[in-house]
Protein chains: 2
Amino acid sequence: MSIEHSILAVLSFGPSSGYDIKSEFEHEASGLFWGASYGSIYPKLKKLEETGYIFALEEEDEGRKKKLYELTKKGWLELEQWLGETPSYPIIKDELFMKMGSWHRDMDLKILVNHLLERKKQSEHLLRFVTEWPKNGVSYIDQVGMLAIQYAKMRLETELLWIDRTIEMIQSGDLPKAQDTRGNAEKMITRRRKTLQE
Amino acid sequence: MSIEHSILAVLSFGPSSGYDIKSEFEHEASGLFWGASYGSIYPKLKKLEETGYIFALEEEDEGRKKKLYELTKKGWLELEQWLGETPSYPIIKDELFMKMGSWHRDMDLKILVNHLLERKKQSEHLLRFVTEWPKNGVSYIDQVGMLAIQYAKMRLETELLWIDRTIEMIQSGDLPKAQDTRGNAEKMITRRRKTLQE
DNA sequence: CGGGACATGTAAACGGTTACATGATTAA
DNA sequence: TTAATCATGTAACCGTTTACATGTCCCG
């Protein structure tokens with residue numbers, strides 16, 4: 001899965017060099033899907049060529065020599081076979097979420113508010129981008145791609161709504177009730193304090 | 001970052017063995033944050049012990065011998081220092097999204113609808129779980145943890161809403177307009193068809 | 001004529017998973 | 001008595017990133 005197929009996907013839009021593919025992955029919207037560095041792109045291209053999914057056309061692009069890659073028949077079929085497979089469930093690594101999961105009573109909530117404000121800034125930026133992008137009149141975005149962009153927008157809007165609500169709740173002290181039938185919170189902070197005063 | 005800190009976070013709730021930590025990561029809600037296998041947990045525990053973040057207390061737990069680990073003072077401080085650092089922006093790897101980005105006109109939209117229905121099923125399942133979890137009367141979930149759960153719920157609800165809308169749009173043929181000022185979609189399918197008939 | 005973008009590539013390091021090895025205890 | 005679960009660990013492998021090496025072309 002993955003890097004190989006992302007490369008095939010990029011090539012489906014038109015012949016590209018390793019450098020082009022890297023630029024595509026550095027695109028602002030990449031935060032919404034994937035990424036790869038030169039260290040994996042070039043070896044992967046070589047491998048895909050050996051397998052017969054792509055072939056190189058040494059081309060003179062505006063005076064500069066570039067090694068452009070294009071999909072073979074086998075490559076198109078592989079891409080389409082992959083598109084047809086049920087996508088695996090998304091893998092999300094969200095440190096903010098993890099940190100909230102292990103937050104404890106002796107941690108100042110003001111720090112958490114700062115984290116939330118920082119996240120808000122970043123998500124607002126991304127939201128602005130995904131809103132403007134399909135209107136720039138330049139990039140090619142397919143109808144189905146537009147559906148995906150609508151999803152990204154909704155997701156970000158929901159996140160921003162949650163952030164605002166959450167900050168309000170924290171600042172008003174109106175937090176939801178904990179589930180703690182065995183006094184775990186209490187046990188935890190006594191354990192912590194005992195260890196810290198040593 | 002990450003596995004080391006996730007382990008410290010788990011230990012902050014109480015002394016645990018490598019096996020316990022693994023079970024914690026296998027928890028259904030792990031899809032919402034992190035994961036790790038034995039192959040990384042045990043070596044990590046050893047390393048954390050050497051660094052002085054944790055120490056082992058060989059304990060007899062209901063007849064069974066377990067190597068329980070507990071946070072040291074240094075470990076608590078490290079955990080809290082990490083909690084205080086601005087969390088990095090989430091990394092999301094969503095194959096569905098990627099596939100939609102490279103979907104093309106010659107791909108049957110019925111397949112995409114199947115992908116969406118499959119995703120719907122999985123997200124509904126997760127939503128059910130995160131809704132029931134904080135009500136099971138057993139697990140310990142802190143107030144801040146509850147805020148995180150609220151976020152997960154909102155995110156999943158938004159996703160489900162988007163899925164329903166999207167399926168409707170596809171089935172009614174009422175798709176959003178593409179951005180394609182240079183006839184890229186056309187070029188792409190002629191390139192593809194030419195390659196395929198060879 | 002120097003700095004920056006364009007362009008291709010590789011070697012070492014890293015972080016993690018998979019698969020395996022081993023054994024104790026418990027419930028059917 | 002045997003399958004499942006509890007429990008700890010390692011070695012081989014895999015994919016990816018980081019850092020480096022090298023060179024070109026173009027603009028100011």
Side-chain angles (χ1 to χ4, degrees), chain A residues 1-8 10-11 14-27 30-31 33-51 54-70 82 88-89 91-93 95 98, chain B residues 1-8 10-11 14-27 30-31 33-51 54-70 82 88-89 91-93 95 98:
Chain A
M1 169 9 351
S2 90
I3 284 202
E4 276 93 334
H5 289 109
S6 328
I7 290 176
L8 295 181
V10 171
L11 293 181
S16 311
S17 67
Y19 195 81
D20 295 336
I21 293 168
K22 176 72 169 96
S23 322
E24 199 65 32
F25 285 152
E26 261 161 5
H27 193 281
S30 286
F33 48 102
W34 227 268
S37 56
Y38 290 124
S40 49
I41 291 171
Y42 284 108
K44 241 47 174 192
L45 284 170
K46 201 186 259 179
K47 202 185 141 200
L48 288 169
E49 194 179 12
E50 281 163 15
T51 325
I54 62 175
F55 64 96
L57 25 132
E58 208 86 30
E59 204 147 314
E60 203 77 14
D61 189 54
E62 292 136 34
R64 225 172 257 250
K65 49 197 155 9
K66 270 187 165 192
K67 207 170 167 182
L68 290 178
Y69 287 97
E70 168 65 309
W82 174 71
S88 54
Y89 205 75
I91 296 163
I92 300 176
K93 293 194 176 182
E95 265 196 39
M98 279 186 64
Chain B
M1 176 351 13
S2 91
I3 286 200
E4 276 94 334
H5 289 109
S6 329
I7 290 175
L8 295 181
V10 171
L11 293 181
S16 311
S17 66
Y19 194 82
D20 295 336
I21 293 168
K22 177 71 170 93
S23 322
E24 200 65 33
F25 284 152
E26 261 162 6
H27 193 280
S30 286
F33 48 102
W34 226 268
S37 55
Y38 291 125
S40 48
I41 291 172
Y42 285 108
K44 242 48 175 192
L45 284 170
K46 201 187 257 177
K47 202 186 140 198
L48 288 168
E49 193 179 13
E50 280 163 16
T51 326
I54 61 175
F55 65 96
L57 25 132
E58 208 87 29
E59 205 146 314
E60 203 78 13
D61 188 53
E62 293 137 33
R64 254 202 190 102
K65 48 195 156 5
K66 269 187 168 195
K67 207 170 168 184
L68 291 178
Y69 287 97
E70 167 66 308
W82 174 70
S88 56
Y89 204 75
I91 296 163
I92 301 174
K93 292 194 175 180
E95 264 196 39
M98 279 185 65

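These figures come from a predicted structure and were not determined experimentally. In the text below, chain A, chain B and the rest are named by the order of the sequence lines, each starting its count at 1. Quick note: numbers below take in every heavy atom, side chains included, and nothing from hydrogens, waters or symmetry partners.
Of the candidate nucleotides D/dT10, C/dT8, D/dA7, D/dA7 has the atom nearest to the side chain of B/Asp20. The side chain of A/Pro43 approaches C/dT10 more closely than any other nucleotide in the set C/dT10, C/dG16, D/dG9. Considering only side-chain atoms of B/Ser40, the nucleotide from D/dT8, C/dG9, C/dT17 that sits closest is C/dT17. When each of D/dT18, C/dT8, D/dG9 is scored by its nearest atom to the side-chain atoms of B/Tyr69, the top-ranked nucleotide is D/dG9.
Counting to the nearest Å, the P atom of C/dG9 and the CG atom of A/Leu48 are 13 Å from each other. The distance between atom CG of A/Leu57 and atom P of C/dA7, rounded to the nearest whole Å, is 14 Å. At whole-Å resolution of the value, CG in B/Leu45 and P in D/dG9 are 8 Å apart. In this structure, the NZ atom of A/Lys22 is 9 Å from the P atom of D/dT18, given to the nearest Å. Atom-to-atom, CD1 of A/Ile3 to C1' of D/dT16 comes out at 7 Å; the value is rounded to the nearest Å. Protein atom NZ of A/Lys44 is 8 Å distant from nucleotide atom C1' of D/dT16, rounded to whole Å. The separation between A/Lys47 atom NZ and C/dG9 atom C1' is 18 Å, rounded to whole Å. Taking atom CD1 of B/Ile91 as the reference point, atom C1' of D/dT17 lies 12 Å away to the nearest angstrom.
Side chain to side chain, B/Asp20 and B/Ser17 meet the donor-acceptor criterion of an N or O pair below 3.5 Å.
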Would you give me the side-chain donor-acceptor pairs under 3.5 Å for residues 37-45 of chain A, sequence neighbours excluded?
from	atom 1	to	atom 2	distance (Å)
A/Ser40	OG	A/Ser37	O	3.0
A/Tyr42	OH	A/Tyr19	N	3.4

Query raised in the report: Does the side-chain contact (heavy atoms from CB on, under 4.5 Å) test come out yes or no for B/Ile91 and A/Ile91, once each step is laid out?
Result: CA-CA 8 Å; B/Ile91 296 163; A/Ile91 296 163; over 6 Å; no
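In this structure, the helix from C/dC1-D/dG28 to C/dA28-D/dT1 shows an angle of 20° between the axis at its start and the axis at its end, each fitted on 5 base pairs and rounded to 10°.
Note on A/Gly39: a base of the nucleic acid sits closer than 4.0 angstrom, heavy atoms only.
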